[in-house]
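Structure first, then comments.
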Amino acid sequence: MDLPQDWKHTTNIYEVNVRQYTKEGTFRAFEKEMPRLKNMGIKTLWFMPITPIAQQNKKGSLGSPYASSDFTSINPEFGTMDDFIHLVNKAHRLGLKVIIDWVANHTGWDHVWTKTSPEFYLKENGTFKMASGMDDIIELDYQNKEMRQKMIDAMKFWIEETDIDGFRCDLASWVEVDFWKEARPEVEKIKPLFWIGEFDELESPEYGKVFDASYSWKWMHKSADFYKNNEPISELIDLLKKYSQIGDSSMRAWFTTNHDENSWNGTEFEKYGDITKPMAIFSTTWNGIPLLYSGQELPNVKRLEFFERDPIQWTNNYEMADFYKTLLDLKSSNPALRGGDSNVVTYLLNTSSNDKIFAYIRKNKWNEVLVVLNFSKEDVEFTIEDENLSGVFKNVFDKTKRDFSNNKKFNFRVSDYAVFEK
């Protein structure tokens with residue numbers, strides 16, 4: 001299969017929660033934010049599901065966007081199809097890519113198919129089979145060839161009608177892998193697309209052969225446990241080595257929060273405390289794709305409601321925007337941070353405080369990026385003692401230069417970090 005355009009190696013993804021993004025909660029209102037996001041270094045916008053929401057057995061007063069009632073219509077809560085097309089066109093003029101959330105595993109209880117084609121669904125106890133642990137959604141039957149073709153047709157609809165650039169596939173590993181193997185080349189007859197799947201490749205390696213990028217759930221859980229339970233850094237490194245062994249045929253998406261985490265398990269600050277910023281730096285500089293969520297540039301410190309209107313409390317002060325812009329621009333421009341590129345080599349660096357400091361250098365020919373993170377809950381004085389680090393680098397945040405050939409000492413406070421490029 002041909003890989004999509006080269007942009008996937010330098011992109012980042014910003015998840016848009018349209019319902020909570022603005023007071024209006026519409027496409028037109030969000031559209032006004034896109035120039036600001038472009039200026040912050042965002043490259044790809046991922047929209048949570050934009051299809052209408054099923055009303056039967058819905059959660060809360062508005063329901064879950066992941067319980068669709070029609071795969072080829074727009075949720076009227078957000079606006080019209082013309083509004084979405086207008087948004088995509090504007091995004092493309094700004095140089096942004098647009099991907100949409102695709103929920104292939106299930107639908108809501110009153111999806112149009114439940115009436116027109118009930119045979120498309122799995123059955124249980126004389127009715128539609130409820131999805132595992134979620135009583136507002138029902139499971140589709142992927143043994144049904146006609147249903148599979150209708151699903152592929154629905155995906156094609158969005159490419160042909162709105163010219164989006166790809167899909168974020170919800171619960172991708174809950175759908176049989178052979179469906180994705182069938183769907184991707186069929187949909188890409190229209191144009192090359194970007195595909196990110198919600199699965200962890202350490203658990204579902206066969207899906208990595210179909211998708212450009214996957215999630216890093218194991219890392220997210222392990223890193224949160226690391227902080228909360230004071231686990232050793234060595235356990236983080238062991239897990240990263242397992243991810244690295246997967247190779248470069250697909251990429252990992254790294255994140256500190258997303259819609260599920262924020263609403264159900266807590267904000268990034270609840271999970272990571274003192275190491276929230278160092279974790280954000282890791283997510284934007286390690287091998288793969290950085291994934292941001294609506295409001296992180298604020299930063300948003302509250303859990304957003306999932307089934308009700310609960311707009312992000314924007315101020316005119318985007319405190320974290322410059323922090324993210326520095327990192328995202330570096331990710332996009334420095335070849336040493338290309339994701340999924342076999343020309344890039346990542347070296348973990350030896351320090352005098354390996355139990356507290358996480359340091360690494362990424363190299364692509366003469367381009368180098370050095371990242372030094374305090375992953376501990378205390379101040380640390382340390383030196384980097386590693387042959388892979390030498391020469392003059394520039395700090396990307398304060399623009400100062402430093403010659404590591406003769407000065408490898410650091411004095412970090414809690415939450416401190418440094419990122420340099422050569």
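All heavy atoms count here, side chains included; hydrogens, waters and symmetry mates do not.
Taking the charged nitrogens against the carboxylate oxygens, Asp163 and Lys191 do have a contact shorter than 4.0 Å, which makes a salt bridge. Electrostatic pairing of Arg168 and Asp101 counts as a salt bridge here, judged by a charged N lying under 4.0 Å from a carboxylate O. Between Glu206 and Lys209 there is no salt bridge, since none of the side-chain N atoms of the basic residue sits less than 4.0 Å from a carboxylate O of the acidic one. Taking a cutoff of 4.0 Å between a charged side-chain nitrogen and a carboxylate oxygen, Asp178 and Arg148 qualify as a salt bridge. The pair Glu188-Arg184 counts as a salt bridge, with a side-chain nitrogen and a carboxylate oxygen less than 4.0 angstrom apart. Using a 4.0 Å cut-off between charged side-chain N and carboxylate O, Lys218 and Asp200 make no salt bridge. A salt bridge is absent between Asp274 and Lys377; no separation between the charged side-chain nitrogens and carboxylate oxygens falls under 4.0 Å. Contact check on Asp310 versus Arg303 returns no salt bridge, with no Lys/Arg side-chain nitrogen under 4.0 Å from an Asp/Glu carboxylate oxygen. With respect to Asp110 and Lys58, no salt bridge is recorded, no charged nitrogen being found less than 4.0 Å from a carboxylate O.
Of all heavy-atom pairs between Ser64 and Ile53, the closest is O-CG2, 3.4 Å. Here the closest non-hydrogen pair linking Ile74 and Phe84 is CD1-CB, 3.9 Å. Among all heavy-atom pairs drawn from Pro76 and Pro52, the shortest one is CD-CB, 4.5 Å. In this structure, Phe167 and Met155 approach most closely via the heavy-atom pair CZ-O, 3.6 Å. Annotation for Pro299 and Phe269: closest pair CB-CZ, 3.6 Å, computed over non-hydrogen atoms.
Checking side-chain atoms of Asn144 against main-chain N and O of Glu119 turns up a donor-acceptor pair under 3.5 Å. Side-chain atoms of Trp314 do not come within 3.5 Å of backbone N or O of Leu298 as any donor-acceptor pair. Listed for the Thr284 side chain is a donor-acceptor partner under 3.5 Å among the backbone atoms of Ala280. Listed for the Lys59 side chain is no donor-acceptor partner under 3.5 Å among the backbone atoms of Phe307. Between the Lys271 side chain and the Thr256 main chain, a donor and an acceptor come within less than 3.5 Å of each other. Checking side-chain atoms of Glu270 against main-chain N and O of Thr267 turns up a donor-acceptor pair under 3.5 Å. Looking only at distances, no side-chain donor or acceptor of Trp254 sits under 3.5 Å from a matching main-chain atom of Met279. Tyr66 places no side-chain N or O within donor-acceptor distance of the main-chain N or O of Pro49, the cut-off being under 3.5 Å. A side-chain donor-acceptor contact under 3.5 Å links Gln20 to the backbone of Glu305. A donor-acceptor pair is defined here as one N or O able to donate and one able to accept, closer than 3.5 Å; such a pair exists between the side chain of Lys123 and the backbone of Pro118.
Side chains of Thr127 and Asn125: a donor-acceptor N/O pair is absent below 3.5 angstrom, by distance only. Judged by distance alone, the side chains of Asp329 and Ser332 never bring a donor and an acceptor atom under 3.5 Å apart. For the 3.5 Å distance criterion, the side chains of Glu201 and Ser250 qualify, holding a donor opposite an acceptor. With hydrogens and angles left out, the side-chain atoms of Ser223 and Tyr272 include a donor and acceptor closer than 3.5 Å. One side chain, Asn343 or Asp341, offers a donor N or O that lies under 3.5 Å from an acceptor on the other. A donor-acceptor contact under 3.5 angstrom links the side chains of Thr107 and Tyr121, judged on distance only.
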Would Trp102 and Phe157 count as a ring-ring contact (aromatic ring centres under 6.0 Å, His included) if you check the C-alpha gap in whole Å, the side-chain angles of each, and the deciding distance to 0.1 Å?
CA-CA 12 Å; Trp102 196 254; Phe157 168 88; 9.2 Å; no
Please determine whether ring-ring contact (aromatic ring centres under 6.0 Å, His included) holds for the pair Trp46 and Tyr293, giving the CA-CA distance in whole Å, both sets of side-chain angles, and the decisive distance to 0.1 Å.
CA-CA 9 Å; Trp46 148 33; Tyr293 181 46; 8.1 Å; no
For Asn374 and Ile357, what are the C-alpha separation, side-chain angles and deciding distance, and is it a side chain to side chain contact (heavy atoms under 4.5 Å, CB included)?
CA-CA 5 Å; Asn374 186 356; Ile357 298 298; 4.1 Å; yes
Working for side chain to side chain contact (heavy atoms under 4.5 Å, CB included), residues Ile289 and Asp212:
CA-CA 10 Å; Ile289 294 180; Asp212 297 306; over 6 Å; no
Using the rule given for side chain to side chain contact (heavy atoms under 4.5 Å, CB included), can you reason through Leu240 versus Trp286, listing the C-alpha separation, both sets of side-chain angles and the distance that settles it, and then say yes or no?
CA-CA 10 Å; Leu240 288 176; Trp286 194 255; 3.8 Å; yes
Start with the C-alpha distance between Phe375 and Phe282, add both sets of side-chain angles, then the distance that settles ring-ring contact (aromatic ring centres under 6.0 Å, His included), and finish with yes or no.
CA-CA 11 Å; Phe375 268 5; Phe282 168 86; 7.1 Å; no
Could you walk me through whether His92 and Asp165 pass side chain to side chain contact (heavy atoms under 4.5 Å, CB included), step by step?
CA-CA 10 Å; His92 286 163; Asp165 303 291; 2.7 Å; yes
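When each of Leu96, Ile42, Thr44 is checked for a side-chain contact (heavy atoms from CB on, under 4.5 Å) with Thr11, only Thr44 meets the rule. Screening Trp217, Tyr215, Phe211 against Phe199 for a ring-ring contact (aromatic ring centres under 6.0 Å, His included) leaves a single residue, Phe211. Shown are Phe78, Phe30, Phe27; of these, the ring-ring contact (aromatic ring centres under 6.0 Å, His included) with Tyr21 is made only by Phe30.
Within a 6.0 Å sphere centred on CH2 of Trp366, other residues, nucleotides and ligands contribute 12 heavy atoms or fewer. Heavy-atom neighbours of Lys241 NZ from other residues, nucleotides or ligands within 6.0 Å: at or below the threshold of 12. By the 6.0 Å contact criterion, NZ on Lys242 is open, its count of non-hydrogen atoms from other residues, nucleotides or ligands being 12 or less. In this structure, Lys115 places its NZ atom where more than 12 heavy-atom neighbours from other residues, nucleotides or ligands lie under 6.0 Å away.
The side-chain heavy atoms of Glu139 and Glu124, taken from C-beta on, include no pair separated by under 4.5 Å. In this structure, the side chains of Ile138 and Thr114 come closer than 4.5 Å at one or more pairs of heavy atoms.
Residue Leu337 holds its CG atom at 5.0 Å from CG of Leu330, rounded to the nearest 0.5 Å. Taking CE of Met34 as the reference point, atom CG of Asn39 lies at 14.0 Å (rounded to 0.5 Å). In this structure, Leu140 CG and Met151 CE are separated by 5.0 Å, a value rounded to the nearest 0.5 Å. Atom OH of Tyr243 is separated from atom OG of Ser216 by 5.0 Å, given to the nearest 0.5 angstrom. With values rounded to the nearest 0.5 angstrom, His106 atom NE2 is found 10.5 Å from His111 atom NE2. Residue Leu327 holds its CG atom at 10.5 Å from CG of Asn12, rounded to the nearest 0.5 Å.
The aromatic rings of Phe358 and Tyr360 are tilted relative to each other, their planes meeting at an angle between 30° and 60°.
Annotation: cation-pi pair Lys277/Phe323 present, NZ/CZ under 6.0 Å from the ring centroid and within 45° of its normal.
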